[in-house]
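To start, the structure under review is shown below, and the notes come after it.
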Protein chains: 2
Amino acid sequence: MGNQKLYKGSLQTIILKLLESNDKMYGYEITQKVKELTKGELKITEGALYPALHKLEADGLLDVEVAKVGNRLRKYYKLTESGTKETANKLDEMQEFLRTMQQLVNPKLSLE
Amino acid sequence: MGNQKLYKGSLQTIILKLLESNDKMYGYEITQKVKELTKGELKITEGALYPALHKLEADGLLDVEVAKVGNRLRKYYKLTESGTKETANKLDEMQEFLRTMQQLVNPKLSLE
DNA sequence: CAAATATACATAATTTTCTTATACATAGAA
DNA sequence: TTCTATGTATAAGAAAATTATGTATATTTG
């Protein structure tokens, strides 16, 4: 907590992208994967993650499948068909955002 | 309206960066400059812009100077000393964000 | 000349998306 | 046995937008 350098709105994109790469994942696994990929720089908090997963599911972008491992619950999420499409859209939007920020922050680069 | 592709939290950085490049600007001018630099892709709405300017001013990052042009008001904003420092911080954070997103979205690239 | 558009500021209600704190429960390590 | 890890969840509140108005002057266009 407290070290968040993420702009708001990017969490959905991260979740979707991870599910595109990893087929199915559960919540806790996502938090660990993000920590690993960013070498600890970024920590996804549960308070942000679970509501986001629930929303993506409610919006029909994710399917959920409950598994019991030992005596504990896991909820595996995977992309639906429309989730796969939306992932592509979100990634495009992110590229667009990066380009836009580049134009604003370093206009010289876009002249050539 | 409606075409916003900005992640929340990036508007402050944009404003600060523009003021770093242009010394002093007024609100409407900022909206036009952003439109120009992004070739119309990005439109800063007043409902976001003016509260953001007021907050930056309240936080001591901007100074304001009211000018009368014809019969109309203009409020010119410029960076204070601490605003200049904060601009550097915000730009660093943005670079950090870009790197983090790169690690998450295209992990292959960060291997080399 | 009238009407539409551009210039210029502002705020209020609402929504989205976080942070922070709390809660519950099992499993493993110290 | 206590601390940490694993695993999910929600509630209160804050931050930062969107959307919709409101007010006023200046300019362009039909």
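Letters A, B, ... are given to chains in the order of the sequence lines, protein chains preceding strands, and every chain is numbered from 1.
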[X] [atom1] to [N] [atom2]: how many Å, rounded?
X     : N      : atom1 : atom2 : result
B:L6  : C:dT16 : CG    : P     : 18 Å
B:K33 : C:dA8  : NZ    : P     : 15 Å
B:E46 : D:dA17 : CD    : P     : 14 Å
A:Q32 : D:dT4  : CD    : C1'   : 12 Å
B:L11 : C:dC18 : CG    : C1'   : 17 Å
A:K35 : D:dT4  : NZ    : C1'   : 11 Å
B:K90 : D:dA15 : NZ    : P     : 12 Å
B:I44 : C:dC9  : CD1   : P     : 14 Å

Kindly say if A:Y26 contacts the phosphate of D:dT8, meaning a side-chain N or O under 4.0 Å from OP1 or OP2.
no
Side-chain N or O of B:Y28 closer than 4.0 Å to phosphate OP1/OP2 of C:dC9:
no
Considering all heavy atoms of both residues, which atom of A:L11 and which atom of A:A52 are nearest to each other, and what is their separation?
CD2-CB, 4.0 Å
Gap separating the CG atom of A:L79 from the CD atom of A:E20, nearest 0.5 angstrom:
7.0 Å
Check for a donor-acceptor pair, side chain of [X] on one end and backbone N or O of [Y] on the other, with a separation under 3.5 Å.
X     : Y     : result
B:S82 : B:G60 : yes
B:T87 : B:G83 : yes
B:T38 : B:V34 : yes

Measure from the side chain of B:T45, starting at C-beta and using heavy atoms only, and say which of D:dT18, C:dC9, C:dT16 lies closest.
D:dT18
Please work out which residues in residues 47-65 of chain A have a non-hydrogen atom less than 4.0 Å from an atom of DNA chain D and list them by number.
A:G47, A:Y50, A:P51, A:H54
Quick check on contacts: within residues 67-80 of chain A, what sits under 4.0 Å from DNA chain D by heavy-atom distance?
A:R72, A:L73, A:R74, A:K75
Note: A:K90-A:E93 ion pair, threshold 4.0 Å (strictly below)
no
Parallel, tilted or perpendicular: which fits the ring planes of B:Y26 and B:Y76, with parallel below 30° and perpendicular above 60°?
perpendicular
Classify the side chain of A:K8 and the base of C:dT16 as holding, or not holding, a donor-acceptor pair under 3.5 Å.
no
Determine whether B:R74 and B:Y28 make a side-chain contact, defined as any pair of heavy atoms from C-beta on separated by less than 4.5 Å.
no
Given the options B:K78, B:K75, B:K24, B:V64 meets side chain to side chain contact (heavy atoms under 4.5 Å, CB included) only with B:K75
Of B:E29 and A:G9, the one whose closest DNA chain C nucleotide lies more 5'
B:E29
Does B:T31 reach a base, just sugar-phosphate, or nothing at all? Heavy atoms under 4.0 Å.
nothing
